[in-house]
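The block underneath contains the structure these notes are about, expressed in structure tokens.
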Amino acid sequence: MKFIVSSSLLLKKLQVLGGIINSNNTLPILDHFLFSLEGSSLTISASDLETTISSTLDVESNEGGSVCVPARLLLDTLKTFPEQPLTFTVEDNHTVEISSNHGKYALAYANADDFPNAVELKDPSSTIIMGDILATAIGKTLFATGNDDLRPVMSGVFFQLSADGLTWVATDAHKLVKYMRTDLASDSDAEFIMPKKPLNLLKSILAGSEEEVVIEYNESNAKFSFDQTQLVCRLIDGKYPNYEAVIPKENPNKLTIGRNQFLNSVKRVSIFSNKTTHQIRLKIAGAELQISAEDIDYSNKADERLTCDYQGDDMQIGFNSRFLTEMLGNLGSEDVSLEMSLPNRAGILTPIDGQDEGEETIMLVMPVMLNS
């Protein structure tokens, strides 16, 4: 088995695929890339058992065969080469020899038969979505997923596909994000929960992509196909909590304010908050928003006043500043609206501008009890 390939093209592909490889694998074979050659088409795969990603590229060859190459060693070698053709030859002494303009390098390979096979989806349903839209949806929701091993369903992003539109939801019980696209539709209704790791990978690959992504899914697995790349992963098993029930419908108190001004103020004031609760206090009256924090243990306190547009009753409400900072940082708008009903009910944060037609983002942040 022998082929010639561009060093920079191969490095670019491998860096993407390498994102799935764990640093401490229990199975040594998972530290390898699987190279499968058929004529001038080379398919490279990487897997962590839960997720398998493979990508195809054109090479100069008319041979066939499969071999597993150590990932870290190959990546470290490729990073040092300037752009040039590299010749890969599988030798009889159980090594792959790489020939460059300057020298030769031999890597011990592993048996391709030991590499785990990607799951074949039986009777999948499918839907098509633009790559950049999918990357945006993942980016808007992924930060709100939980890390609680006892509630695995909350550690992923909930996909809801229907004829009315596509919805993505993430929550960790303290904050919740719902991102909707009513300008897109799916032929069949479906719901599934995608784990974090493959979503992170998709987000980085698809950002800014004009490619169409075909999503195929059944009860247990999902497959994303685009631009000669396929990602197959196991879905999180379980029923997603009824998130609609926690979004308060009646919110008579509405605050409108510049996002950057609000975000920077929260960041500054939160430096003086208690290091365990990260609690900040919002006091709203008339056209004035007062943001304050206090750490009684160290006698640290901060207090800022901002002008805002506010309709509703005067109120005081407490939030965890970390959640508020994350959410404000994730909204790309100039101005935001914070809708509230009572100091012990969730606040709803939404962008006022900067959204596409048919795009909707709702963020929900749970309040914290204020120490009077």
Any donor-acceptor N or O pair under 3.5 Å, side chains S155, T145: no

Atom CG of D237 with >12 non-hydrogen neighbours under 6.0 angstrom: no

Distance-only polar pair, side chains of E294 and N300, donor-acceptor under 3.5 Å: no

Within 6.0 angstrom of D187 CG, more than 12 heavy atoms from elsewhere: no

Between Y179 and E359: side-chain donor-acceptor atoms closer than 3.5 Å: yes

Mutual orientation of the aromatic rings belonging to F192 and F159 [parallel < 30°, tilted 30-60°, perpendicular > 60°]: parallel

Aromatic plane relationship, F158 with Y243 - under 30° parallel, 30 to 60° tilted, over 60° perpendicular: perpendicular

Name of the residue among N330, L255, I362, L331 meeting side chain to side chain contact (heavy atoms under 4.5 Å, CB included) with L349: L331

Worked verdict on K283 versus D314 for salt bridge (charged side-chain N to carboxylate O under 4.0 Å, His left out): CA-CA 8 Å; K283 189 175 179 181; D314 293 359; over 6 Å; no

SB check E63 K2 (cutoff 4.0 Å): no

K275 NZ: over 12 foreign heavy atoms closer than 6.0 Å: yes

Under-4.0 Å salt bridge between E334 and R259: no

Transitive ILVMFWY side-chain link L9 to L11, under 4.5 Å: yes

Geometric class of the F81/Y105 ring pair [parallel <30°, tilted 30-60°, perpendicular >60°]: perpendicular

S99 and T87: side chain donor to acceptor below 3.5 Å: no

Electrostatic pair R151-D172, nearest N-O below 4.0 angstrom: no

Distance-only side-chain donor-acceptor flag, Q279 / S321, under 3.5 Å: no

Presence of salt bridge, R181 and E360, under 4.0 angstrom: no

